[in-house]
Amino acid sequence: MTVAPGSGPKGESLLDHEYDGIREYDNPTPGWWHAIFLGSVLFSVGYIAWYHWSPMSYSIWDKWNRAQVAEYERIFGEIGDLEPDEATIVKMMGDSRMMAIAQGTFIGNCAPCHAKDGGGINGVNLTDEQYKNVKQVTDIFGVITAGAANGAMPAWQNTISQNERVILAAYVASLRGTTPAAPRAPEGEAIAPWPGAKQGSE
Amino acid sequence: MSEHVANASGVEAGGGAVMERFSYDDRIVRMFVGATILWGVVAMLVGVIVALQLAVPQLLTKSGFGWLSLIVNTEWISFGRLRPLHTNAAIFAFAGNAIFAAIYYSTQRLCRARMFSDVLSQLHFWGWQAIIVSAALTLPLGITQGKEYAELEWPIDLAIAVVWVGFFGVNFFGTLIKRRERHMYVALWFYIATIVTVAMLHVFNNLTLPLVIAGAIKGQAVTGADIAKSWPVYAGVQDAFMQWWYGHNAVAFFLTTPFLGLMYYFLPKAAEKPVYSYRLSIVHFWSLVFMYIWAGPHHLHYTALPSWASTLGMLFSLMLWMPSWGGMINGLLTLRGAWNKVASDPILKFFVVGITFYGMSTFEGPMLSIKSVNALSHYTDWTIAHVHGGALGWNGFMTFGMLYWLAPRLFQTPLWSRRMMSTHFWLGTIGILLYVLSIYTAGLTQGLMWRAFDESGRLAYPDFVETVTALVPMYWVRVVGGSMYLVGMILCGVNIGMTWLKRPKVYEVAEHEAPALARVYVDPPRPGSRLGANVGVGHKADVFIQGWWHRVWERRPLKFSLFVLVAVAIASLFEIIPTFLIRSNVPTIASVKPYTPLELAGRDIYIAEGCYNCHSQMVRPIWAETKRYGEYSKPGEFVYDHPFQWGSRRIGPDLARVGGKQSHDWQVRHLEDPRQLIPQSLMPGYPHLLEQDLRFESIQARVDAMAMLGVPYSSAVREGGAEKAAREQAERIATELVAQGGYPDMQGKKVVALVAYLQRLGTDIHAPAEPAAEATTQAEAGEHEAKEEKR
C-alpha cells in the first residue's frame with residue numbers, strides 16, 4: 001500500500017512502511033538488473049549443456065593431455081626418443097636449444113642443492129674435475145635417474161621424463177670446466193675428460 | 001520524524017491497545033563498540049606485522065639487519081601461526097563485534113523492544129571476548145585445526161556454538177518474538193540469515209574427532225596441548241569441499257549479510273532518506289541467500305574436486321552478481337538527492353566508499369570464479385587483494401561509518417573531533433588503494449611468471465624464488481598502505497575514546513511507549529490484478545509479483561527464519577550429498593597407503609606450524625604447473641588426509657610432489673634456516689624443530705584416532721605398535737641423514753617427523769602396488785584392496 005504518491009525525487013511513491021523512522025519507496029527493480037540476472041541464468045544453462053554434455057567440449061584434463069602431446073612434439077618432435085648412451089649425450093651437449101631447455105629443468109629441480117651455476121650448495125660442485133659417482137658421461141644419467149649417496153642425491157626417474165633426463169645429463173656434463181660464483185670444494189676423484197667434446201662448450 | 005504510521009492499511013484486532021513503556025539497552029551497544037575498536041587495532045596491527053614478515057626476509061642476509069630475524073623466525077609469531085591470528089581477529093573479533101554492535105542497536109529500535117534478556121546480552125558479550133582471547137592464546141602456540149578461518153580447535157568451537165546459538169541466537173529471536181512492530185524491516189531479514197546460516201556452517205565444517213575422545217576409548221592418557229587436538233571427520237576431496245562451503249559462506253554470511261543489514265539501517269538513518277526500493281530488497285535478499293551457498297567450489301577450480309562441483313561453483317557465482325549488486329544499488333540510490341550531504345559528511349563518505357568497494361568486490365568475485373580466470377589468479381596475491389578490497393573497503397568502512405554515527409548518540413555528547421574523522425577517512429581510503437593496487441600487481445605478476453614459457457619451450461622462470469623476489473617491492477607498498485589504514489583505525493579509537501571521556505555523568509535513558517502487538521492481525525486486502533489480460537494465469541502472476549505474500553511473511557519471524565533455513569539447507573544438500581555419495585568422484589588408487597605413525601606426527605607439526613598458509617599441496621592439470629612441480633594431483637591421493645592441506649596461496653612452491661625431491665639433509669638445513677640454502681627465500685626458519693623433542697608417546701593415540709576415522713591401519717600398528725614403528729623410522733632417517741653429511745642425533749627431534757612427512761608427499765602414486773611395510777600387513781592390504789575393487 002503506497003502513501004504520499006509522487007513524493008520521491010523522480011515522482012515515486014512512498015510505501016506505508018515505517019521502521020524507527022526509516023521509510024521505503026515503491027520503486028521497481030531496474031530493468032537492466034533483471035536482464036543481466038536472467039542472462040546469467042541462461043548462460044549457466046547453456047554452459048552446462050555445452051561443457052558437460054556436448055561432444056565438442058573437452059575437460060581440463062583433456063586440455064592438459066593435448067598440451068603435453070603438443071609440447072613434447074614441439075621440443076622433441078624432430079629428435080624423437082633419446083637413448084641414454086654416450087653418443088647421444090655428447091651430441092646433445094652441442095645442441096644449444098636442448099641445452100637451454102635442460103637449463104630450465106636444472107634450475108627448477110637441481111639448483112636448490114647444486115646452485116644455479118652448478119657450483120654446489122649442499123649438493124656437490126658440478127663444475128670441477130672431480131666426481132663422486134661418475135666415471136663416464138653416461139653415469140650422470142644413471143645418478144639422475146636412480147639417485148646416489150644414500151639419497152643425498154634423490155632419484156628423478158618418476159618425475160622427469162627420459163628425454164629430459166638425457167639432455168639434463170648432457171647439460172650437467174657441459175657444466176664441467178665452467179666458473180661458478182661460489183664454488184664448493186671438489187669432492188671425489190678426478191676422471192678423464194668427456195669423450196670428443198670441448199669441455200665447457202656451452 | 002517518529003510519528004508512527006506503520007500498518008496504516010492492516011488492522012490490529014483482538015484487543016491489546018494497552019500502551020507499554022520500555023527503554024533500549026544501549027550499554028551493551030557501547031560495550032560492543034569498545035570491543036570493535038580494541039580488536040580492530042589488534043587485527044590490523046597483526047596484519048601489518050605479517051605484511052612485514054613477507055617484506056623483510058631478503059634483508060636478513062645483509063649485514064646490519066640480523067635483528068630482523070626476531071620478527072621472521074620467532075616460533076610463536078612465525079608467519080604460519082600469526083596469519084591465522086590476523087584473519088581470525090579481523091573477521092571474528094573486529095567485524096564480529098561490529099555486527100553485534102549494529103544488531104543490538106538496530107534490532108531493539110526496529111522491533112521497538114528492549115533485547116529479550118540483558119543477561120544473555122552480557123553472556124554473549126563476555127563469552128565472545130573470551131573466545132577471542134583464547135584464539136589469541138592458542139593460535140601462536142600452534143593449536144589449530146589447519147583449515148582456513150576455521151583454525152580454532154574444538155573446545156573453542158564448542159564455546160562459539162554455545163555463544164552464537166544459545167546466547168546471541170536466543171536473545172535475538174526472543175526480541176523478535178516480543179517485538180512491538182508488526183512487520184520486520186529488511187535489516188532484520190539479513191540478521192536472521194546471518195544467525196541461522198553461520199550456525200549451520202560452523203557446526204558442519206567443524207565436526208571433528210578430538211584426540212581426547214580417541215584416547216579415552218583406547219585408555220591412553222592425553223596431555224598438554226594435545227587435549228585441544230582434533231581432526232576433521234572428513235578427508236581429502238570431501239574435507240576440501242566442506243571447508244570451502246564453509247569458507248566461502250563465512251564471507252557471505254559473516255561479512256556480507258550482516259553488513260547489508262547494517263547498511264539498510266544506518267545508511268537511511270545517516271542520509272535521512274527513504275530506502276530506494278522495497279521490492280529490490282525482497283528480490284535481492286532471497287536470491288542472495290539461495291545462491292551464495294552454492295558458490296563455494298569456485299575456491300577449488302582445477303583441483304582434484306569433481307568437475308561438476310567446479311562448474312556449479314562457477315555458475316552460481318556468476319548468477320550471484322546481480323543479487324549482490326541489488327544491495328549496492330539499493331544503497332547508492334538511497335542517496336539520490338543527498339549527494340550534497342555526502343560531500344560534507346564524512347560518515348556518508350565512509351558509507352559511499354564502503355558500498356562502492358562492495359560493488360567492486362562482488363563484480364570481481366564472479367569474475368575470479370570463471371575457471372580460466374581462476375587458473376591465473378588462484379594461489380596468487382590476486383585473491384589477497386580481492387579479500388582486502390572487501391574487508392578494508394566494505395567491512396571496515398561500513399563499520400567506521402556506523403561507529404561515528406553511533407558515538408554521539410551512545411555517549412550523548414558531540415563527536416570529539418570532526419576533523420580527525422575526516423583525516424581517518426582519507427588515510428583509510430589512500431591506505432586501501434595502496435594496499436589493493438600493489439597486491440593486484442603482485443598477484444598478476446606472479447601468476448603470469450608461473451605460466452610463462454620462453455621460446456625454447458622451457459619455463460621462463462623455473463626458479464620459484466624468482467617469482468617471489470619480484471613481489472617484494474609491492475610487499476613494501478602494502479606495508480605502507482596497511483600502516484596508513486592502521487593509523488586511521490587508531491585515530492578512530494582516539495576520537496571515540498575522547499568522546500567517551502566527555503560523556504555525561506549519568507546517561508539519559510529515553511523512555512518509549514508503544515502498544516504490544518495485538519493477538520490478531522488482519523492483513524490488508526490482497527491487491528487485484530492490474531492487467532487487462534484475458535487469461536487467469538496472467539492475473540495471478542501479476543497479483544503474485546506485487547508481493548503481498550512477502551508482507552505476510554514479514555510479520556511471521558519464525559516462519560521467515562524457517563524459510564531461510566530451508567533455502568540455505570537445500571542449496572547445501574544439493575552439493576553435499578553427491579560429494580559424499582558418488583564413488584566416481586574419488587577413484588581409489590591402490591598404491592596410496594596411510595601415513596606411517598611418524599609421518600602422521602610430522603603432518604601434525606606441518607599443520608601446527610601453519611605451513612598451509614604459504615604452501616599448497618595441489619598440482620593442477622595445467623601444463624606450466626606440471627612442468628614445474630610434476631604430475632598433477634589425483635583425488636585418490638588424499639583419501640587419508642584429515643584435514644586436507646591443499647592450501648590457497650603459494651608464497652612458497654607447491655609441495656604435493658615434494659617427496660624425494662631433496663635429500664633429508666637439504667630439508668633439515670632448509671627448515672633450520674632457509675636462507676642458508678636459498679638467500680632470497682621469504683620462509684621463516686624453524687630452528688626450534690631441531691631442538692624440541694618429538695613426543696613419541698603421543699603417537700599411538702594419533703594413529704588410533706585416525707583408525708577410528710576409517711584409515712586402514714594394520715592391527716600391529718593399532719595395537720600398541722605405533723610408537724615402536726615411529727622410533728624405528730626416526731632412527732632410519734637419522735642414520736640416512738648422517739650418511740648424507742647432515743646433523744647427528746636428530747632421531748628424537750620434531751624435525752625428523754616433519755621430514756618423514758615431507759619425503760612421503762606425493763610419492764605413493766609411483767610406489768609399487770605392494771603394500772608399504774610400515775602401514776599394513778600383506779593380508780590386510782589384500783583385504784583392503786579387495787574391498788576397493790568391490791566398490
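So that the names make sense, note that chain A is the first sequence line, chain B the second, and so on, each numbered from 1.
No hydrogens or angles considered: nothing links the side chains of B:Gln676 and B:Arg669 as a donor-acceptor pair under 3.5 Å. In this structure, a donor-acceptor pair under 3.5 Å is present between the side chains of B:Thr626 and A:Trp64. Side-chain contact of B:Tyr743 with B:Glu672: a donor-acceptor pair under 3.5 Å is present, judged by distance alone.
Among the candidates B:Ile282, B:Thr735, B:Val283, the residue making the largest number of heavy-atom pairs closer than 4.5 Å to chain A is B:Val283. Among A:Asn158, A:Ile160, A:Thr29, the residue with the largest count of heavy-atom pairs under 4.5 Å with chain B is A:Asn158. Top candidate by heavy-atom pairs under 4.5 Å with chain B, chosen from A:Val41, A:Ile60, A:Thr159, A:Ile121, is A:Ile60. When each of B:Leu737, B:Val465, B:Leu333, B:Ile329 is checked for heavy-atom pairs under 4.5 Å with chain A, B:Ile329 comes out on top. Comparing B:Ser310, B:Gly457, B:Ser287 by heavy-atom pairs within less than 4.5 Å of chain A, the highest count is held by B:Gly457. Annotation: maximal heavy-atom pairing with chain A below 4.5 Å, among B:Gly762, B:Pro653, B:Pro462, occurs at B:Pro462.
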Legend entry - Worked check of salt bridge (Lys or Arg N to Asp or Glu O under 4.0 Å) between A:Arg97 and A:Glu78: CA-CA 12 Å; A:Arg97 185 164 153 261; A:Glu78 291 166 22; 5.3 Å; no
Inset, instruction - Test A:Glu164 against B:Lys627 for salt bridge (Lys or Arg N to Asp or Glu O under 4.0 Å), laying out the working first. - result: CA-CA 11 Å; A:Glu164 285 173 299; B:Lys627 196 87 187 133; 2.7 Å; yes
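For a residue to count as touching a neighbouring chain, one of its non-hydrogen atoms must lie under 4.5 Å from one of that chain's; by this rule A:Ile36 touches chain B with backbone and side chain alike. Heavy atoms of A:Phe37 lying under 4.5 Å from chain B belong to its backbone as well as its side chain. For a residue to count as touching a neighbouring chain, one of its non-hydrogen atoms must lie under 4.5 Å from one of that chain's; by this rule A:Ile22 touches chain B with the side chain only.
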